[in-house]
Amino acid sequence: MLSIATWNVNSIRVRQAHVRTWLQTHAPDVLCIQETKATDDQFPAAAFEEIGYHASFAGQKTYNGVALLSREPLGAVEAGFFGDPEPAQSRVIAGTLGVAGVRVVNVYVPNGSEVGSAKYAYKLEWLAAFRRFLESRHDPSEPLVVLGDFNIAPEDRDVHDPAAWQGQILCSEPEREALGAIQTWGLTDLLRQHEVRGGLYTWWDYRAASFRRNTGLRIDLILATAPLVPRSTEVAIDREPRGLEQPSDHAPVVARFA
DNA sequence: ATGGCTGCTTTGAGCAGA
């Protein structure tokens, strides 16, 4: 039994207590977090060590930042990825779960701002570079999990109002094709192994009472290679922390493996 | 149609997020 989770926390310093409580309640083997918005010297590692979690982190000032919180120290921890077009942006951290031999790659994909903008072009370039990294450094026959905030809703059933979002950032065809190319390499969206329904979201805008009205998107994904797909027993989106005081705008997602 | 909320920043209006 193995469980691996992802959560965009939107500032680890603000969300520290939420994350601690969630870890104590759910006890995943690894929690991948994104948007820590903290430099490495600011990262509150002791708060997690106190409750039995080892922290590996790669941060920068103000923006981005990723971390791995794990019950056991991870092997071969690497920040960034080979071929990263802008290594100064802290968007990837990876480590290996020793017992299971599972490589865990935690990603914070660029948001892209607006279709047609310079940031959008960078998002597509980043996704292509990440696919080349997978090809050059990994093999689809290895047990590999790639998870995090992809900032892409894979299909219309992952969007509360597909007509309104059609062609918009997070939903545009080029973004979906870039994600599709990563999946074609050999990664499966595990939630869709268990669930065909729409209306399952991981992010709700802070504005316009989006969570209460459930006007969300599913943009936080857990992808895995073929050896892990038959071992996938469950993928759960935990909406509970989104309803707390001062929440992250994203919900945690957990995958369990036999 | 717009902006709606939140976090951060050599602190306070502007950027970025999604």
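Letters A, B, ... are given to chains in the order of the sequence lines, protein chains preceding strands, and every chain is numbered from 1.
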Quick one: label [X] by what it contacts on the DNA or RNA (base, sugar-phosphate, nothing), any heavy atom closer than 4.0 Å.
{"X": "A:N64", "value": "nothing"}
{"X": "A:D205", "value": "nothing"}
{"X": "A:I169", "value": "nothing"}
{"X": "A:Q168", "value": "nothing"}

Using the [atom1] atom as the point on both nucleotides, what is the distance between [M] and [N], in whole Å?
{"N": "B:dT2", "M": "B:dT11", "atom1": "P", "answer": "32 Å"}
{"N": "B:dG12", "M": "B:dA1", "atom1": "P", "answer": "37 Å"}
{"N": "B:dT10", "M": "B:dA16", "atom1": "P", "answer": "13 Å"}

In whole angstrom, what separates [X]'s [atom1] from [N]'s [atom2]?
{"X": "A:R213", "N": "B:dC5", "atom1": "CZ", "atom2": "P", "result": "12 Å"}
{"X": "A:R91", "N": "B:dA16", "atom1": "CZ", "atom2": "P", "result": "12 Å"}
{"X": "A:Q16", "N": "B:dG7", "atom1": "CD", "atom2": "P", "result": "14 Å"}
{"X": "A:Q89", "N": "B:dA16", "atom1": "CD", "atom2": "P", "result": "11 Å"}
{"X": "A:D220", "N": "B:dG17", "atom1": "CG", "atom2": "C1'", "result": "13 Å"}
{"X": "A:I12", "N": "B:dG7", "atom1": "CD1", "atom2": "P", "result": "13 Å"}
{"X": "A:Q34", "N": "B:dG7", "atom1": "CD", "atom2": "P", "result": "17 Å"}
{"X": "A:E35", "N": "B:dC8", "atom1": "CD", "atom2": "C1'", "result": "11 Å"}

N/O (side chain, [X]) to phosphate O (OP1/OP2, [N]) under 4.0 Å:
{"X": "A:H250", "N": "B:dA18", "value": "yes"}
{"X": "A:S113", "N": "B:dA18", "value": "no"}
{"X": "A:Y108", "N": "B:dA18", "value": "yes"}
{"X": "A:R207", "N": "B:dT2", "value": "no"}
{"X": "A:N10", "N": "B:dC8", "value": "no"}
{"X": "A:Q246", "N": "B:dG7", "value": "yes"}
{"X": "A:K61", "N": "B:dC8", "value": "no"}
{"X": "A:K37", "N": "B:dT6", "value": "no"}

Legend entry - Earlier contact from the 5' end, DNA chain B, for A:L217 and A:P247: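 The residue whose closest nucleotide sits nearer the 5' end is A:P247.
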Inset, instruction - Hey, which sits more toward the 5' end of DNA chain B by its nearest nucleotide, A:A208 or A:E114? - result: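 On the 5' side of the pair lies A:A208.
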Inset, instruction - Please state whether the rings of A:W203 and A:W165 are parallel, tilted or perpendicular, taking 30° and 60° as the class boundaries. - result: perpendicular
Inset, instruction - Determine, stepwise, if the pair A:D189 / A:R218 fulfils salt bridge (Lys or Arg N to Asp or Glu O under 4.0 Å). - result: CA-CA 12 Å; A:D189 180 353; A:R218 188 174 72 94; 2.8 Å; yes
Legend entry - Closest to side chain of A:T62, choosing from B:dA18, B:dT9, B:dG17: B:dT9
Legend entry - Candidate nucleotides B:dA16, B:dA18, B:dG7, ranked by approach to the side chain of A:V14 - the nearest: B:dG7
Inset, instruction - State whether a side-chain donor-acceptor pair under 3.5 Å links A:N10 with A:K37. - result: yes
Legend entry - Polar contact flag, side-chain donor to acceptor under 3.5 angstrom, A:W22-A:D238: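 Checked: A:W22/A:D238 side chains pair up, N/O donor to acceptor below 3.5 Å.
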Legend entry - Option from A:P110, A:S117, A:S172, A:S113 for which side chain to side chain contact (heavy atoms under 4.5 Å, CB included) with A:K123 holds: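 Going through the options one by one, the only one that passes is A:P110.
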Inset, instruction - Measure from the ring center of A:F133 to the ring center of A:W126 and say whether it is less than 6.0 Å. - result: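 No: the rings miss the under 6.0 Å criterion.
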Inset, instruction - Of all the heavy-atom pairs spanning A:P227 and A:P140, show the shortest one and how long it is. - result: CD-O, 3.6 Å
Inset, instruction - Classify the side chain of A:N111 versus the base of B:dA18 as yes if they form a donor-acceptor pair under 3.5 Å and no if they do not. - result: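 Answer is yes: a donor-acceptor pair is held.
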